[in-house]
Trainee: 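This is the structure I have questions about; it appears just below.
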Amino acid sequence: MVDQTEQALPARDPIYPLSGKRVWVAGQRGMVGSAVARRLAALGCVVVPDRPDRLDLRRQDEVADWLSEARPDAIVVAAARVGGILANDTYPVDFLEDNLLIQTNIIGTAHRIGVERLLFLGSSCIYPRLADQPISEDALLTGPLEATNQWYAVAKIAGIKLVQAYRRQYGRDYISAMPTNLYGPGDNFDLNSSHVLPALIRKAHEAKIARAESMTVWGSGTPRREFMHVDDCADALVYLLQHYSDDDHVNVGVSSDISIHELAMLVARIIGFRGEIVLDQTRPDGTPRKLLDTGRLTGLGWSSRITLEDGIAATYRWFLDQSELRSIA
Ligand code: GDP
């Protein structure tokens, strides 16, 4: 985890003060949800714990029963079926259907039991494949999606629209945020389903330990991506929960990007792998570039504080700690 003690206080008085509020983070066992829960707890919120026996968020009756009992004041919807380029392409039904069910159950039930505030999370893949860079919120639905993650993207677009619909039809104070590519503690390091950054950390680490001559990177290495540490993102999301109320979704990112090849070299340097980086061009590249325009977020008074280099180093320490724990267990 990256030390956040130096983070400045919010620049403005919140429109929704969180102190003392009971907030349920759907997906609080995941990378993003657990980071949001830590940030909320640091602000003096009561983070409503998950039901001890695992709740199936795809089941409307289970979600309704749980929320009627837990009665949070606010909800952050960080629960989703997520995965990298290969997983998305391989399990289209899971990515479309599970995400539609999860978000519809939570948002609809929140309205029915009178939850006063809700933040829905999507992702930068909602935008057209060839959107102008950096991508502004207004680019939504202006062109065709990237084929490899269209299933996830369509579900998330429906979620944004559902939040807007509850605002319009019922006056609910619900909002949406679209984070860029996230990484950090709690990430998925499985090479078949992970995103690129945890995959590269694992590959560089294993290549270093094995004294291998090379490590393999998928695709041409030329696509560019924007990476944000999950603690930085959680800080921005909680800031939005306190400071933002409008129909439009808000991009959450760090306003800079890097090519996959440069990223592989950076990860290798931080980890200490000195061998060759080999490109496997039989693997897909996905979207050529997706850098978010974060003007709306910075205009509200928030800015990113964790550099990519610090974030990767912290995530690598977490990965090593976990590997050690697994080998002891
Ligand atoms: P995307 O942002 O939805 O395309 O998802 P990913 O994070 O899975 O992939 C981002 C880019 O990194 C794509 O161009 C991948 O081909 C590339 N990449 C390079 N090596 C890897 C790897 O080992 N795993 C993954 N998931 N992507 C990789």
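All ligand and atom numbering here is 1-based and tracks the order in the structure.
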Trainee: Run through Leu200, Ile201, Val230, Leu308 and flag the one making a side-chain contact (heavy atoms from CB on, under 4.5 Å) with Tyr183.
Mentor: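 Of Leu200, Ile201, Val230, Leu308, side-chain contact (heavy atoms from CB on, under 4.5 Å) with Tyr183 is met by Leu308 alone.
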
Trainee: Among Asn99, Leu101, Asp94, exactly one meets side-chain contact (heavy atoms from CB on, under 4.5 Å) together with Glu97. Which residue is that?
Mentor: Leu101

Trainee: Write out the protein residues near ligand 1, meaning a non-hydrogen atom under 4.0 Å from one of its atoms, in order of chain and number.
Mentor: Gly84, Ile85, Asn149, Asn181, Ser194, His195, Val196, Ala199, Lys203, Val217, Trp218, Pro223, Arg225, Ile260, Pro284, Asp285, Lys290

Trainee: Could you pull out all residues at least two apart from Asp50 that satisfy salt bridge (Lys or Arg N to Asp or Glu O under 4.0 Å)?
Mentor: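 Once residues adjacent in sequence are excluded, the partners of Asp50 under the salt bridge (Lys or Arg N to Asp or Glu O under 4.0 Å) criterion are Arg29.
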
Trainee: Around Arg274, counting heavy atoms of other residues, nucleotides and ligands shown, do more than 12 lie under 6.0 Å from its CZ?
Mentor: no

Trainee: Once salt bridge (Lys or Arg N to Asp or Glu O under 4.0 Å) is applied, do any residues pair with Arg129, and if so which ones, sequence neighbours excluded?
Mentor: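 Scan of Arg129 (salt bridge (Lys or Arg N to Asp or Glu O under 4.0 Å), adjacent residues dropped) gives Glu146.
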
Trainee: Who pairs with Asp257 by salt bridge (Lys or Arg N to Asp or Glu O under 4.0 Å), at least two apart in sequence or on another chain?
Mentor: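 Only Arg224, Arg289 meet the salt bridge (Lys or Arg N to Asp or Glu O under 4.0 Å) criterion with Asp257.
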
